[in-house]
Structures are given as structure tokens and as C-alpha cells.
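In what follows, a structure is listed as C-alpha cells, so that the remarks can point back to it.
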Amino acid sequence: MSRRERGPGLTLPLPLAVALRYLKSTRRDAFVSFLSAAAVGGLALGVTALILALAALTGFQEALKREILGRTPEIEVAVPAGEGAQGVRDLVAAHPGVGSAELLVRGQGWLVGQAGARPVELTGYERRPPASFPIAADAGPGLYVGDRLAAAWGLEPGDALEIASSRPTLSPLGVQPRVRRLPLAGTFATGRTEVEDRVALPLAAAEALLGGGDYRVVASTGDLDRALAVAAELAAALPAGSRVRTWRDLNRGLFFALRLEKTLMFVAVFLIVLVAGLALVSNVTLIVASKRAEIGMLGAMGARPGSLQAIFLLLGALQAVGGVALGAALGVGGAVLLDRYRLIEIPGSVYFLDYVPFQVRTPDLALVLGAALALAVGCALLPARKAVALEPVEALRR
């Protein structure tokens with residue numbers, strides 16, 4: 001038997017030609033047509049839901065990463081006790097891969113004003129607040145508080161504020177708190193994910209308040225990937241006991257939680273695709289049962305078992321490609337429209353965004369389409385094997 005069917009200007013392999021004929025012939029049977037539409041529609045629905053869920057999750061995660069990384073130094077070096085902080089800063093600044101290096105000192109304290117007292121994290125800086133304190137470009141050195149705290153207390157530049165350290169000092173009159181009174185130089189933009197108030201003040205004032213404190217050197221390279229390589233080189237060049245951490249180390253727990261969240265979301269929503277795959281099994285099985293006589297005739301005419309199996313594998317694959325393609329178009333198109341026009345709004349006072357962002361990444365899309373196609377074609381394999389097992393004589397009797 002010829003393995004090819006010839007038509008006007010077109011030659012197709014026998015399995016593909018028969019699969020296309022069966023795909024069209026199912027429209028004559030209302031029940032089979034309904035099962036085919038349900039299988040294709042379920043597969044498209046599952047792929048659409050999976051793409052939209054991953055796009056929304058990716059959009060949220062990328063926005064959160066930008067928010068967090070905007071306040072995280074590329075490289076942070078903890079100065080060991082007994083080492084000169086300025087010397088360590090000079091070593092970091094002298095490295096050829098470092099663009100800038102600043103010495104900071106950190107500690108805990110209280111901000112005291114007319115509106116009351118508030119616990120804050122103190123950060124002392126040398127020349128200018130670090131990038132984690134976004135201030136105006138023309139702002140000079142001084143005391144800076146978050147814009148939300150300034151709005152809540154009604155603070156204006158020039159207002160005098162007292163800062164009390166958590167480390168008291170011993171005087172002839174007993175234990176006394178360390179307090180400095182400083183004028184407010186300005187405010188910085190507070191991130192929406194911040195849960196603790198922060199204050200930036202000149203290094204000399206911070207050292208007087210904290211009595212030394214926890215010294216850190218923050219360095220910038222201008223590129224996150226380059227920072228990872230520079231950090232490894234700095235770890236070998238700095239004094240023993242220096243702890244070098246990158247933006248990845250400082251947010252390792254966050255990044256792990258985001259990867260875990262995305263994996264669980266993929267597995268949960270992929271169950272819809274699995275259900276659609278089972279519907280595809282039922283549909284192809286029904287087609288095999290309704291075409292028993294034709295299968296027996298093809299076998300009696302010399303069609304090999306591999307060709308018979310390929311017919312129904314291609315039939316399932318064609319339905320799978322149709323469902324996956326439709327789902328991909330709906331999912332990607334829906335994600336683009338939802339993100340461009342910001343159709344899903346959320347309360348900005350509760351979340352760090354005002355709308356639900358959608359971002360379709362090529363690796364995620366490839367994973368969804370590949371997994372859905374593999375599952376659908378795999379589900380069509382069982383009824384395809386059942387068609388091969390039919391005896392031509394027995395099939396023709398029925």
C-alpha cells in the first residue's frame with residue numbers, strides 16, 4: 001500500500017493525510033465534535049490560565065526585586081573588629097572593578113520630635129547618603145528622614161530633631177543617654193515595602209551617638225553581574241575577618257521564596273492542563289472506537305502498525321497544537337492588554353503597587369508550551385497503541 005496520498009499539487013504522508021481526514025470527519029458526529037471542542041478548549045483554557053498566572057506572578061516579583069534592589073548595595077563589606085574602617089574603605093575603593101566606595105556606620109536609636117519619639121535605624125555616611133536613601137541631586141549633607149515620616153509629623157527642612165542612641169554613656173551623674181540635636185536637611189523617598197523607619201546623618205554625628213558602631217563599606221560597580229565577580233576578588237584581598245556580601249547574598253532568602261512561589265504556582269495551575277489532557281484521551285479513544293472498520297481495512301491493505309499508531313498520535317498532536325496555540329494567543333494577548341492599560345487595580349495603600357503588573361518572559365512561555373504539548377501528545381499515545389492492537393479481521397467483522 002502506498003504510504004502517500006496524492007492530491008492536486010499536494011503530496012502528504014499517509015498517517016498525516018488520514019489524521020487530517022479524521023479531524024475533519026469528527027464534525028459530522030455531534031458527540032465526537034463536542035468532545036473534540038471540549039478537549040481543545042480545555043487545553044486552551046489551561047494554557048491561558050497558566051500564562052496569565054505566571055505573568056502576574058513574574059510582574060509582581062520583578063517589581064518587588066526592583067524595590068528591594070534599589071535599597072540594597074551591590075557589594076557590602078562588614079569591617080572586622082579591630083581593623084581600621086577607613087583603611088578597609090581605601091582598599092575597596094582601590095580595586096579596579098569598583099566604581100565608588102563609601103564608609104557607613106549603622107545602629108539603632110530613637111528620633112525625638114514635637115510629635116513624639118520613634119525607634120529608627122541610624123545610618124551614618126561620609127559625604128552623601130548612600131543610594132538606598134534616594135534624595136535630591138542638589139541636596140547637601142545633613143539629617144534625612146523618610147518622606148512618609150516627615151509627612152506624618154509635619155516636618156519641614158530646618159526643623160530641629162533630637163536623636164537618642166540605644167547605647168548610653170557613663171558619666172559622673174550616672175548612666176546618661178547619648179543625644180544629638182540636628183536640623184533636618186531634607187527627606188528621602190521611602191520604599192513602599194519598608195517596615196522600619198530609617199534615618200541618615202553625617203558619619204561624625206553617628207559615631208558620637210553609637211560610640212563606634214557597626215562599620216560597613218558599600219561599593220558599586222555599575223553592573224549587578226560584575227559585582228558578583230568583584231566581590232569574590234575583594235574577599236581574597238581584604239583583611240581576615242572581613243565579610244563580603246553581594247546583593248544576591250543580602251536577599252538570598254527572598255529570592256528562594258520567589259522561586260518556590262513560582263514553582264508551586266506552575267504546578268497548581270498545570271493541573272488544568274492535565275485535566276484537558278485526560279479529555280483528549282477520551283476523545284481520541286472514541287474516535288478509535290468509531291473508526292474500527294476503517295482501521296481494520298487499512299491493516300488488511302498492508303498498513304504497518306507504526307503507520308496506524310502515527311495516525312492517532314498525529315490526530316492528538318493536531319488537537320494539542322490547536323489548543324496550545326489558542327491558549328498562547330489568549331494568554332499573551334491578555335497579559336499585554338492587562339499590563340498596558342492597567343485594568344486590574346489594587347489599593348496602593350495596602351500593596352506596594354497600584355495595579356497588577358503582567359510580564360511574559362520567554363523562558364516561562366517556552367516551558368508552558370513545551371510542557372502542555374508534551375502532556376497532550378503523551379495522552380494521545382494510549383489510544384494510539386490501542387488502535388495498533390486491533391486485529392484487522394476482528395475489526396472488519398464489527
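No hydrogens, no waters, no symmetry mates; every other heavy atom, side chains included, goes into these values.
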Under 4.5 Å between any side-chain heavy atoms of [X] and [Y], yes or no?
X      : Y      : value
Val199 : Tyr144 : no
Leu64  : Phe352 : yes
Trp110 : Val120 : no
Leu122 : Ile163 : yes
Ser132 : Arg198 : yes
Leu381 : Val377 : no
Leu280 : Leu375 : no
Leu111 : Asp197 : no

Verify same cluster id: [X], [Y] (apolar side-chain graph, 4.5 Å):
X      : Y      : answer
Leu278 : Ile272 : no
Val321 : Val47  : yes
Leu271 : Val273 : yes
Val105 : Val88  : yes
Val230 : Val217 : yes

Between [X] and [Y] (salt bridge meaning N to carboxylate O under 4.0 Å), is one present in this structure?
X      : Y      : value
Glu76  : Arg245 : yes
Arg127 : Glu102 : yes
Glu194 : Arg148 : no

To the nearest 0.5 Å, how far apart are [atom1] in [X] and [atom2] in [Y]?
X      : Y      : atom1 : atom2 : result
Arg342 : Asp354 : CZ    : CG    : 8.0 Å
Arg118 : Leu161 : CZ    : CG    : 12.5 Å
Leu369 : Ile51  : CG    : CD1   : 5.5 Å
Leu143 : Leu182 : CG    : CG    : 5.5 Å
Thr246 : Leu228 : OG1   : CG    : 5.0 Å
Leu43  : Leu326 : CG    : CG    : 9.5 Å

[X] to [Y] - nearest heavy-atom pair and separation:
X      : Y      : answer
Met265 : Ala53  : SD-CB, 4.0 Å
Ala206 : Gly124 : CB-CA, 3.5 Å
Phe358 : Ala335 : CB-O, 3.5 Å
Val112 : Trp153 : C-CZ3, 4.4 Å
Ala189 : Asp147 : CA-OD2, 3.5 Å
Val145 : Ala150 : CG2-CB, 4.1 Å

Review point. Does anything in residues 181-217 pair up under ring-ring contact (aromatic ring centres under 6.0 Å, His included), and if so which pairs, sequence neighbours excluded?
Key: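 ring-ring contact (aromatic ring centres under 6.0 Å, His included) check on residues 181-217 returns Phe133-Phe188.
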Closer than 3.5 angstrom, by distance alone: can the side chain of [X] be matched with the main-chain N or O of [Y] as a donor-acceptor pair?
X      : Y      : result
Arg226 : Thr221 : yes
Asp159 : Glu156 : yes
Thr48  : Gly327 : yes

Exercise for review: Please lay out, stage by stage, how Ser242 and Glu83 fare under the test side-chain contact (heavy atoms from CB on, under 4.5 Å).
Suggested key: CA-CA 9 Å; Ser242 301; Glu83 290 288 342; 5.7 Å; no
Check your understanding: Going by atom types only, do Gln359 and Thr58 share a side-chain donor-acceptor pair under 3.5 Å?
Key ->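 No, Thr58 and Gln359 have no side-chain donor paired with an acceptor closer than 3.5 Å.
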Review point. Given Leu338 and Ile344, is the side-chain contact (heavy atoms from CB on, under 4.5 Å) satisfied, shown in steps?
Key: CA-CA 7 Å; Leu338 290 171; Ile344 303 180; 4.2 Å; yes
Check your understanding: Which is it for Leu203 and Leu104 under the side-chain contact (heavy atoms from CB on, under 4.5 Å) test, yes or no, and what are the steps along the way?
Key -> CA-CA 7 Å; Leu203 183 63; Leu104 306 178; over 6 Å; no
Exercise for review: Evaluate salt bridge (Lys or Arg N to Asp or Glu O under 4.0 Å) for Arg181 paired with Glu162, printing each intermediate quantity in order.
Suggested key: CA-CA 4 Å; Arg181 188 177 181 86; Glu162 289 185 345; 3.4 Å; yes
Above 12 or not: heavy atoms from other molecules or residues under 6.0 Å from [atom1] of [X]?
X      : atom1 : answer
Arg128 : CZ    : yes
Arg71  : CZ    : yes
Glu196 : CD    : yes

Practice item. Could you label the plane-to-plane angle of the Phe255 and Trp247 rings as parallel, tilted or perpendicular, counting under 30° as parallel and over 60° as perpendicular? Key: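 Plane angle over 60°, so perpendicular.
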Exercise for review: Report the C-alpha separation of Glu126 and Arg89 in whole Å, then their side-chain angles, then the decisive distance to 0.1 Å, and conclude whether the salt bridge (Lys or Arg N to Asp or Glu O under 4.0 Å) test is met.
Suggested key: CA-CA 11 Å; Glu126 288 185 286; Arg89 185 194 71 82; 3.4 Å; yes
Exercise for review: Check the pair Leu209 / Leu201 against side-chain contact (heavy atoms from CB on, under 4.5 Å), numbers first and verdict last.
Suggested key: CA-CA 11 Å; Leu209 280 168; Leu201 67 161; 3.9 Å; yes
Exercise for review: List for me each residue that meets salt bridge (charged side-chain N to carboxylate O under 4.0 Å, His left out) alongside Arg361, sequence neighbours excluded, and say none if there are none.
Suggested key: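 So Arg361 forms a salt bridge (charged side-chain N to carboxylate O under 4.0 Å, His left out) with Asp364.
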